[in-house]
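In what follows, a structure is listed as structure tokens, so that the remarks can point back to it.
Quick note on labels: first sequence line is chain A, next is B, and so on, each numbered from 1. Everything numeric here is computed off the predicted structure, so don't read it as measured data.
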Protein chains: 4
Amino acid sequence: MDDILQSEAGQRLRSFIERVERLEEEKDTIARDIAEIYKEAKSTGFSDKVMRRLVALRSKDDNTVKDEEALLAIYKTILGME
Amino acid sequence: MDDILQSEAGQRLRSFIERVERLEEEKDTIARDIAEIYKEAKSTGFSDKVMRRLVALRSKDDNTVKDEEALLAIYKTILGME
Amino acid sequence: MDDILQSEAGQRLRSFIERVERLEEEKDTIARDIAEIYKEAKSTGFSDKVMRRLVALRSKDDNTVKDEEALLAIYKTILGME
Amino acid sequence: MDDILQSEAGQRLRSFIERVERLEEEKDTIARDIAEIYKEAKSTGFSDKVMRRLVALRSKDDNTVKDEEALLAIYKTILGME
DNA sequence: CTGCCATTTTACCGGC
DNA sequence: GCCGGTAAAATGGCAG
């Protein structure tokens with residue numbers, strides 16, 4: 001079994017996994033930080049839900065957003081949702 | 001409208017949003033890095049899918065995993081899944 | 001082992017699992033049907049993405065929707081997104 | 001505006017949406033039924049979490065599962081996870 | 001280019 | 001009322 005653990009392949013796999021794990025940890029930390037901010041904002045009276053929508057919105061191409069909104073409005077009209 | 005933009009609340013909201021956006025950017029970068037590693041590993045002959053499962057597995061509490069596995073085995077037996 | 005398979009508990013577990021599986025199957029069938037409709041709609045020129053938003057919208061309480069939209073508009077103003 | 005509401009396209013859109021909504025309703029009902037079963041099973045002493053894993057497991061192709069498990073075991077060995 | 005699969009994100013619904 | 005976990009939805013990447 002030693003030969004497997006010490007093998008080229010084994011060392012490569014181990015390296016890949018460890019690199020991923022380190023990055024995952026960083027990612028989780030950041031995700032937690034983001035959650036913290038929303039929480040803080042919420043406790044100040046802002047809606048975290050709406051803030052999330054806002055952030056998502058800002059990250060998208062402007063024209064795409066406009067187009068979709070326009071289409072949505074049309075569909076609403078067709079369905080009589082004024 | 002200037003009063004809204006300049007208001008305490010306005011400045012706080014702006015600050016929250018900008019902090020989130022900065023962190024989101026970092027998170028995306030890391031996510032890309034992780035994807036890169038899996039891709040590289042895959043091109044070396046490893047299964048990225050199984051590697052992902054492995055990473056997920058290692059991130060969980062050992063006893064919890066053991067307990068669930070044990071229970072799962074029992075249920076399988078009961079159902080005749082060998 | 002026969003005693004486990006034949007036990008009260010075993011029979012109950014089996015029954016639970018089988019009932020779930022039957023329902024899951026039905027659920028999947030319906031999900032597929034829904035996907036079909038969106039696909040058909042898309043091929044007729046409608047945007048499936050916008051249609052999904054529309055359906056989601058209609059399933060929510062009107063006031064909730066209105067309130068969120070209003071808040072979003074306010075936040076946009078604060079951030080100078082016209 | 002009447003022409004839009006009465007138009008071919010309008011009627012088609014309306015029909016699509018309504019069909020989707022009807023199916024979504026059915027889907028929700030079934031989902032509720034499934035939740036009920038798990039709840040009942042749990043109150044009888046079974047782990048709903050493990051039962052869910054079991055159901056998921058059974059819904060997958062046997063060989064795929066076997067192959068992945070085998071590979072996972074190999075990777076674990078390589079990493080010295082007993 | 002389209003459909004499929006996996007991942008991520010969001011919403012929901014329990015328990016505490 | 002908050003938080004955790006769970007299920008659903010949406011997005012993005014991959015293969016055919």
Side-chain angles (χ1 to χ4, degrees), chain A residues 20 23-24 27-28 30-32 34-36 38-43 47-57 59-61 64-65 68 72, chain B residues 20 23-24 27-40 42-43 47-53 55-56 59-61 64 68, chain C residues 20 23-24 27-28 30-32 34-40 42-43 47-61 64-65 68, chain D residues 20 23-43 47-56 59-61 64 68:
Chain A
V20 168
L23 289 170
E24 286 286 2
K27 193 151 72 79
D28 285 354
I30 293 175
R32 258 189 292 274
I34 292 172
E36 274 295 307
Y38 280 122
K39 199 174 163 183
E40 188 190 345
K42 190 181 180 181
S43 77
S47 159
D48 56 335
K49 195 169 172 181
V50 174
M51 283 178 65
R52 283 175 200 275
R53 277 186 62 190
L54 190 59
V55 169
L57 219 50
S59 76
K60 306 198 173 177
D61 179 60
T64 306
V65 172
E68 275 192 20
L72 184 62
Chain B
V20 167
L23 288 169
E24 288 284 4
K27 193 150 70 77
D28 285 354
T29 301
I30 294 175
R32 257 188 292 274
D33 290 346
I34 292 172
E36 274 293 307
I37 295 176
Y38 280 121
K39 200 170 163 184
E40 188 190 345
K42 190 180 180 181
S43 77
S47 158
D48 55 336
K49 194 170 174 180
V50 174
M51 284 178 65
R52 284 175 198 275
R53 277 188 63 191
V55 169
S59 76
K60 307 206 165 155
D61 178 62
T64 305
E68 275 192 22
Chain C
V20 167
L23 289 170
E24 287 285 4
K27 194 150 70 79
D28 285 354
I30 294 176
R32 258 188 291 275
I34 292 172
E36 274 296 307
I37 295 176
Y38 280 122
K39 197 173 161 184
E40 188 191 346
K42 190 180 180 182
S43 77
S47 158
D48 56 336
K49 195 170 174 181
V50 174
M51 284 177 66
R52 283 175 199 275
R53 277 186 63 189
L54 192 59
V55 169
L57 219 51
R58 284 161 59 101
S59 76
K60 306 201 171 172
D61 178 61
T64 306
V65 172
E68 274 192 22
Chain D
V20 167
L23 289 170
E24 288 284 4
E25 228 171 296
E26 290 182 35
K27 194 151 70 81
D28 286 354
T29 301
I30 294 175
R32 259 188 291 275
D33 290 345
I34 292 172
E36 275 295 308
I37 296 176
Y38 280 122
K39 200 172 163 184
E40 189 189 344
K42 191 180 180 181
S43 78
S47 159
D48 56 335
K49 194 170 173 180
V50 175
M51 283 177 65
R52 284 174 199 276
R53 276 188 63 191
L54 191 58
V55 170
S59 76
K60 306 200 171 171
D61 178 62
T64 306
E68 274 193 23

Starting at the 5' end of DNA chain E, which residue's closest nucleotide do you reach first, D:Arg32 or A:Arg52? A:Arg52
With a 4.0 Å cut-off on heavy atoms, is A:Lys27 in touch with a base, just the backbone sugar-phosphate, or nothing at all? sugar-phosphate
Looking across every strand, which nucleic acid part, if any, lies under 4.0 Å from D:Ala35 by heavy atom: base, sugar-phosphate, or nothing? nothing
Let me know the distance between [atom1] of [X] and [atom2] of [N], rounded to the nearest Å.
X       : N      : atom1 : atom2 : answer
D:Arg53 : F:dT6  : CZ    : P     : 11 Å
B:Ile34 : F:dG13 : CD1   : P     : 15 Å
C:Asp28 : F:dA8  : CG    : C1'   : 13 Å
B:Glu68 : F:dG5  : CD    : C1'   : 12 Å
D:Glu26 : F:dA8  : CD    : C1'   : 18 Å
D:Lys60 : E:dC4  : NZ    : C1'   : 15 Å
B:Glu36 : F:dG13 : CD    : C1'   : 13 Å
B:Asp48 : F:dG13 : CG    : P     : 14 Å

B:Lys42 side chain near F:dA15 phosphate (N/O to OP1/OP2, under 4.0 Å): yes
First locate atom OG of B:Ser47, then atom CZ of B:Arg52, and finally report the distance between them rounded to the nearest 0.5 Å. 9.5 Å
Once rounded to the nearest 0.5 Å, what's the spacing between atom CZ of C:Arg53 and atom CG of C:Asp48? 13.0 Å
Return yes if some donor-acceptor pair links the side-chain N/O of D:Thr29 with the main-chain N/O of D:Glu25 below 3.5 Å, else return no. yes
Specify the residue among C:Lys49 and B:Lys39 whose closest nucleotide of DNA chain F lies further upstream toward the 5′ end. C:Lys49
Side-chain contact, heavy-atom cut-off 4.5 Å: C:Lys39 with C:Lys42? no
